[in-house]
Structures are given as C-alpha cells and as structure tokens.
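Structure, as structure tokens:
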Amino acid sequence: MFGKGRKRSHRTRDEGTGGLSSGSGSKQHGNKSEKKKRINALGVDSQLEERRLEKLIFGDASDVVANLDTADDLDLDFDEVPEVTSSRIRATKQPNISASAPSEDDSGVEMGDSSPSTSDDDKKREPVWMDEDDDAIQVKQAFQSQGRKLHDASGSRDSYSGFLKGKYEALMGTPRWAELGATSIRKCDTDSDDDDDVMQHSGPFLHHHRSQNLGKGLLESKHLRDLNVDSNAEGPIISATEFHPSSTVSLVAGLGGAVSIVQVDGKSNTKLQTVQFERFPIRCAHFSNDGTQFLVGSQHHGHFFVYDMMEGRSIKVPISHTSEVTNMKNFTMSPDGRLIAALGRFGHIHLITAQSKEWLGSLKMNGDVKAISFNKDGSRLYSHGDGGEVYVWDMHSRSCIHRFTDDGCIVGTSLAVSPNGQYLACGSSSGVVNIYEGTSIYSSAAPQPVKIALNLVTQISSLKFNATSEVLAMASVDKENAVRLMHFPSMTVFSNFPHVAENVMRPQCLDFSPHSGFLSLGNNRGRALLYRLKHFGNY
C-alpha cells in the first residue's frame, strides 16, 4: 500500500502537473504518519517482550534477594542452585533469545551440568535394551526344555538369565566391558585402542613363557638326524660320543678305529673330518679340556693316541711298563684339566698328566675298579667296583678320605656326580641306581639313598648328569631300549623317553651337550642318535 503511493508521487513529479503532485503529496504524508505509528507500536511491544523474558529467565532485583533468603532457609549448597536455573532455561527456551545470553559453545560445561564433577547417580547406568521374556524364563523350565536334570531344586524358580550370569562370573569373573563405572569405560576404551594397535602388526602374538626349571612327567624332545649319517666309518658298535666343550662340534668313535668330527646343527650334521687309526679298535675317546685335542684308547694295546686338531696330526703315546698300565680302555679327564685317570687291574687307578702324558702314580682300592667320576672342580674322585664299596679320594693328597657301602649293591658298574655337587648316582650290575645326597655320604659308612631307581633290570653301563643337574641319563648295554632319563629334584623318570615307536637298540654310550640342548646316544648298530631337548639352550 505504501509502495503504490510512493510510485504515483514520482510519476506525477516527472510529468510536471501540479494538481496531481499536490494530491499525491497529501496522500503520501498521511501514509508516512500511519507507518510511523505502527513502527512505534511494534518497538514498544518488542521492548516489553524482551523485558518479560529477561525477568522470566534472570529475575529482577527483588527475586535475587528472595532467592538468597530462600537458600539460607533451606541450607542449600551453591552447587545445587545452577541446576534450578538451568532447568528453567531448558523449560522456557525460545528461538528469539537475545544473542547476548551465553550459549552452550561459550560455556565449558554442557547444558544441565552444574559442575565438571560427576555424581554417584550419573555413574549408575542402565542397559539400553532388555528382553522381558528372558526374565520370565525360570531355571526349571530351561533345564526341562534342554533335557537336563536339575540337581539343586532350591533355585528352580530363579531367573535363568541370572543363573547363567552368576555361573559365568563364578568361573570367569566380571569382564571389563560389563563394568559400568566411568573408570571401567575408560579402561575399555584403552583396551579397544590396544586391540587396534595389535591389529596393525603381524607375527607371533602368543609368547610361550619358558619356565626356568625343567618340569617333570613329560620331556619335550625331538629325534634329529644321526650325527654320523655322513661317515658310517666308525664300525658296527659306537663306543664313544662326546660334545666339544666350547664349539658346536661332536666326535663319534667306534670299534672300527675311526673318529669322525661332526658339525652339530640338528639338520645336516655335516662331517668335518674322519681320522682313521689302523688296527686300533677304539673303546674310549674324550676331548681335552681346552678342546684342542682328543684322546683315544683301546683294550688290547699298551699305548694310546692323541690327535692335535690345530696341527692336524696324531701322536702315539706309549705306556711305560713300570707304571703297570696295561691299556686305556676306560679313562676320564679331570675337570681342572690337570690329570687323566685310567682304570687298571686289581683296583688300581692310574694318574697321568694331561700336558706331558706322563704317569704320575696310582690309587689302590679293594677289588677291581669298574667306574670312576670326578666332581665339578676335580678336587675329589669317586670310584666304584667289586664289593659294592664307593671310595672318595682327595686329589691333592691322593689319599682316600672316606668310603661307604652302596646300599644293596654287590658289584658297582657306574658312577656319576651332579655338577652342583648335590647328588651322587651309583649304578650296579643288577640294574639298580641309588641316588645319594652329596653331603650325607660322609656322615656314615652305610648311608641310605634318597632314591632307589628300579627302571632298568640289567647292569648299568652309563650314568650321566646334564649341565644343570636336572636330568640323569641311565643306560644298559645288555638290553634294547634300556635307556631312561630321570628328572631332578622330583627323581621321577620321564614317561615319554625313549619314544614308544622308536627302538634305540642297545645304547653303548651317551653324552649331553655343554648347555644340555642335545643328547647323543651311540648304539650297537653303528648309529650315533641325536635328540634335541627343547627346554634347554641351543647347544
């Protein structure tokens, strides 16, 4: 309406007709006064509306004083007052509120939160969805539908879902995702983040924790390729097998007079060298303590050989007739590297220097000597033989400091001292192995063994402790598969060695690697069997 009057006045002014111009001017003046009145009316209404909303939301001065008085009377905390105000804001929120009012983005707290702290009621959360039909199912009904028998009828009318929940929590505990507290939620979020990190990688996530001590019952082992698979020149009977003290090398010797040096890896077991000793059936062979030489002895010759692996040549060492040493079919090296102890006739134990290979003297026991063994540092020597007596020799004074009777033994055939000095194992011709504590044997002339092993029924020809004193290997040459491994300190035999489907034939000799990772067995079929003991180190 106002627009049409304005257009007419402009048109009459351009045409230059005065009458039309004056008439139009009077109409325009009236229209302007009417528009001004309307604008003033709207302005008053808007101001009143704004004041009404401000009073409704914020209240006036009298309301503030009244609210303070009310708060004092009711002893309200100031933390509770903003909650009332915020509720009033939500109840009366209008789209045309002035922009000067604080917005949600400007305040650091969401609408309705009086303070950053969370009350106990906020921590209590309810499930988003719940099936009412599950709560209606009773334990008795569920068992009947499943064809199961309810043993305890006292809880037959309980909820089946609650029964399952209680049973799960009793067995597994409350899972983290089911903990409804704020702290548990943050933990779950962290766990989910950790799961996301795990999924970013590929590889073995399950790390089998290897126990420091060997467990009893079952031994985790694996039969590997034979040590002498590339040579087969040692003869039909493997009389000696031994691991190098510092390198991953082993020697295999037999009655054929050959010694093979093998690289031990469990896969190919490559032959490094074979040394042939003409017309010299080898009965015993050992590495020197420094590993630069190995010595071989025979039953029917009055000399022995020393092979220098650094120079690659063999040295024949004759035995003096005045020493009463007739052969070197059974000898051992002292752990300190000073002596070689060889078994002689009529109870003599001959001592030879390891450096010059000269005869030093002899030790004499009653009856024939069948077995000898040094302790770890070489200060003591134990001997066993006819009469069932065990002699303990002091190697510094070269005298017998103690002897005792092996319980129930008539003829002793083997000996072994544990590296930790805690146990002494004595084997007899009847297949019995008596285990003594290292300290108890000095307290009596007839000590009682802490364990009597009756697992073998023929004479014990080989006894050997591993480096950690946790395994004792026992073997007999008179029967097939006559080899057992005993666990310490439980003193029980591993039930899965040797394997049921495997025949090791008659074990002639055995040895553990320096860190007990491998076990070698020489048999009467020309094979040097190799086993990997997985609990121990690689070599």
Is atom [atom1] of [X] surrounded by more than 12 heavy atoms (other residues, nucleotides or ligands) closer than 6.0 Å?
{"X": "Arg484", "atom1": "CZ", "value": "yes"}
{"X": "Arg225", "atom1": "CZ", "value": "yes"}
{"X": "Leu164", "atom1": "CG", "value": "yes"}
{"X": "His515", "atom1": "NE2", "value": "no"}
{"X": "Asn455", "atom1": "CG", "value": "yes"}

Roughly how far apart are [X] [atom1] and [Y] [atom2], rounded to 0.5 Å?
{"X": "Gln508", "Y": "Ile238", "atom1": "CD", "atom2": "CD1", "result": "9.0 Å"}
{"X": "Gln138", "Y": "Phe163", "atom1": "CD", "atom2": "CZ", "result": "13.5 Å"}
{"X": "Leu533", "Y": "Glu470", "atom1": "CG", "atom2": "CD", "result": "11.0 Å"}
{"X": "Leu510", "Y": "Leu485", "atom1": "CG", "atom2": "CG", "result": "8.5 Å"}
{"X": "Met505", "Y": "Arg525", "atom1": "CE", "atom2": "CZ", "result": "3.0 Å"}
{"X": "Arg51", "Y": "Glu49", "atom1": "CZ", "atom2": "CD", "result": "12.5 Å"}

For [Y], is there any backbone N or O sitting under 3.5 Å from a side-chain donor or acceptor partner on [X]?
{"X": "Gln263", "Y": "Thr248", "result": "yes"}
{"X": "Arg532", "Y": "Lys222", "result": "no"}
{"X": "Asn481", "Y": "Val504", "result": "yes"}
{"X": "Ser440", "Y": "Glu437", "result": "yes"}
{"X": "Tyr382", "Y": "Ala371", "result": "no"}
{"X": "Ser462", "Y": "Cys509", "result": "no"}
{"X": "Thr413", "Y": "Ile460", "result": "yes"}
{"X": "Asn496", "Y": "Leu218", "result": "no"}

Is the ring pair [X]/[Y] parallel, tilted or perpendicular, if the boundaries are 30 and 60 degrees?
{"X": "Phe518", "Y": "Tyr539", "answer": "tilted"}
{"X": "Phe494", "Y": "His487", "answer": "perpendicular"}
{"X": "Phe465", "Y": "Tyr423", "answer": "parallel"}

Kindly give the heavy-atom pair with the smallest separation between [X] and [Y], and that separation in Å.
{"X": "Thr468", "Y": "Ser516", "answer": "N-OG, 4.2 Å"}
{"X": "Ser476", "Y": "Thr458", "answer": "OG-OG1, 2.5 Å"}
{"X": "Asn420", "Y": "Ser418", "answer": "OD1-OG, 2.7 Å"}
{"X": "Pro449", "Y": "Asp407", "answer": "CD-CB, 3.8 Å"}
{"X": "Leu472", "Y": "Ala425", "answer": "CD2-CB, 3.9 Å"}
{"X": "Pro245", "Y": "Pro514", "answer": "O-CG, 3.8 Å"}

| task | Test Phe536 against Phe512 for side chain to side chain contact (heavy atoms under 4.5 Å, CB included), laying out the working first. | result | CA-CA 11 Å; Phe536 302 100; Phe512 289 99; over 6 Å; no
| Pair Phe488-Gln422, side chain to side chain contact (heavy atoms under 4.5 Å, CB included): steps then yes or no | CA-CA 11 Å; Phe488 282 81; Gln422 188 175 356; over 6 Å; no
Within-4.5 Å side-chain heavy-atom neighbours: [X] and [Y]:
{"X": "Leu415", "Y": "Cys426", "value": "yes"}
{"X": "Leu214", "Y": "Val471", "value": "yes"}
{"X": "Pro498", "Y": "Val483", "value": "yes"}
{"X": "Val432", "Y": "Leu454", "value": "yes"}
{"X": "Val264", "Y": "Ser513", "value": "no"}
{"X": "Thr332", "Y": "Ile372", "value": "yes"}
{"X": "Met486", "Y": "Val493", "value": "yes"}
{"X": "Asn228", "Y": "Ser260", "value": "no"}

| message | I want to check a possible cation-pi pair here: Arg380 against Phe374, using under 6.0 Å from ring centre and within 45° of the ring axis as the test. | response |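 Relative to the ring axis of Phe374, which defines the angle, Arg380 lies outside at least one limit.
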| Test side chain to side chain contact (heavy atoms under 4.5 Å, CB included) applied to Phe243 and Asp511, Val249, Val262, Leu251, the passing residue | Asp511
| query | For the side chain to side chain contact (heavy atoms under 4.5 Å, CB included) test, which of Leu519, Asp226, Asn269, Thr241 pairs with Leu530? | reply |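 One option only clears the test, and that one is Asn269.
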| query | Hey, mind stepping through Ser231 and Thr274 against side-chain hydrogen bond (donor to acceptor under 3.5 Å, both in side chains) and telling me if it holds? | reply | CA-CA 8 Å; Ser231 61; Thr274 298; 5.1 Å; no
| Strictly by modelled atom types, are Glu220 and His535 linked by a side-chain donor-acceptor pair under 3.5 Å? |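 Their side chains do not contain a donor-acceptor pair, so the 3.5 Å distance test is not met.
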| task | Return yes if a side-chain donor-acceptor contact under 3.5 Å exists between Asp406 and Tyr436, otherwise no. | result | yes
| request: Mind running side chain to side chain contact (heavy atoms under 4.5 Å, CB included) on Leu255 and Arg283 for me, showing each step along the way? | output: CA-CA 7 Å; Leu255 296 183; Arg283 282 289 182 180; 3.8 Å; yes
| From CA spacing to verdict: side chain to side chain contact (heavy atoms under 4.5 Å, CB included), His499, Ser221 | CA-CA 10 Å; His499 302 285; Ser221 63; 3.8 Å; yes
